[in-house]
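What follows is a single structure, written as structure tokens, with notes after it.
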2 protein chains.
Amino acid sequence: MAMDEVPGSVGTTASLSLRMGQVFFSCASLLFMSLGADFYSYTAFCYQITVMGLVIPWSFTLALADGYCILFKCPLHQSGILIILIIGDWVLSVLTLAAASSTASIVDLLIKANGPICLPNTYTCARYQMSAAMAFFSWSLSMASSLVNLWLLPSFV
Amino acid sequence: MAMDEVPGSVGTTASLSLRMGQVFFSCASLLFMSLGADFYSYTAFCYQITVMGLVIPWSFTLALADGYCILFKCPLHQSGILIILIIGDWVLSVLTLAAASSTASIVDLLIKANGPICLPNTYTCARYQMSAAMAFFSWSLSMASSLVNLWLLPSFV
């Protein structure tokens with residue numbers, strides 16, 4: 001099976017769109033979280049910001065590499081590169097899913113507790129919810145990248 | 001590549017051990033969670049119990065199937081069965097990871113809040129922490145099963 005036939009593998013337009021989506025959703029998650037009031041009081045929120053700070057440079061670098069390969073038709077299809085991409089994407093997607101579900105459960109608890117942080121006129125909890133949703137989208141795209149590359153890998157071994 | 005050479009694929013002893021580990025850790029997580037006091041007040045805890053109630057019958061059934069195949073040497077290596085196993089394991093591992101991280105973040109918040117639920121003499125929060133840890137172990141084993149079967153799949157296509 002030729003590698004270029006698989007959409008979403010590294011160096012294709014679909015891969016570039018996946019990476020751009022990851023960067024977009026991660027930045028949106030980071031912004032929604034940072035615009036909330038005292039996010040630093042909660043471990044889960046700080047953890048999500050840390051993870052997003054890892055996902056954004058990783059996906060942005062790979063988006064640049066994909067764009068370069070589309071323009072100049074350079075071959076990126078080597079077993080070593082694929083393994084690094086699969087492991088990196090997989091680790092980041094696991095971290096993103098953990099961060100997103102932690103944030104979602106904490107926000108749920110805050111809304112139920114009806115404390116001062118979730119006043120209806122400040123939209124703080126709504127921002128946290130949006131941040132968790134964006135992190136879930138970013139997770140699904142990272143997982144897609146990882147699975148597509150993993151699917152390709154056995155054709156090299 | 002012959003299927004029987006890959007340890008952990010369906011119908012091997014390694015797969016049976018993976019399944020037994022999943023059943024063990026899921027049951028432990030469910031027990032630790034149920035022994036805690038008012039777990040039904042928190043959405044994340046109820047969610048984790050639901051997920052564990054899905055993982056246990058799934059893994060137990062597959063452990064039985066693996067044991068049967070080891071004893072009677074029946075072939076389970078068909079593309080359709082593998083796809084069902086991969087998707088099922090993957091969905092359950094994602095749900096387990098989400099449940100485990102939600103529980104862990106809620107327990108972290110409860111311990112920080114120093115409320116009446118986390119009194120040191122009742123060990124309630126310690127039980128919740130153990131439950132989250134067991135769920136993480138169960139997640140890692142589910143993910144291993146899914147990845148091993150996914151690695152096998154391209155040799156059929």
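All figures in this text were calculated on a predicted structure; none of them were measured in a lab. Letters A, B, ... mirror the listed sequences (proteins, then strands); counts begin at 1.
Using a 4.5 Å heavy-atom cutoff, the side chains of A:Gln129 and A:Ile111 are in contact. Contact annotation: the side chain of A:Leu147 never approaches that of A:Trp90 to less than 4.5 Å [non-hydrogen atoms, C-beta and beyond].
We find the CD1-CD distance between A:Ile106 and A:Gln48 to be 11.5 Å, quoted to the nearest 0.5 Å.
Using a 4.5 Å cut-off between side-chain heavy atoms of Ile, Leu, Val, Met, Phe, Trp and Tyr, with links allowed through other members, B:Ile49 and B:Met52 fall into the same hydrophobic cluster.
A donor-acceptor pair is defined here as one N or O able to donate and one able to accept, closer than 3.5 Å; such a pair exists between the side chain of B:Ser105 and the backbone of B:Ser102.
When heavy atoms are compared at a cutoff of 4.5 Å, A:Ala44 approaches chain B solely by way of its side chain, counted from C-beta outward.
Between the side chains of B:Thr43 and A:Asp108, at least one donor N or O lies within less than 3.5 Å of an accepting N or O.
Contact residues of residues 130-144 of chain B toward chain A are B:Trp139, B:Met143 (heavy-atom distance under 4.5 Å).
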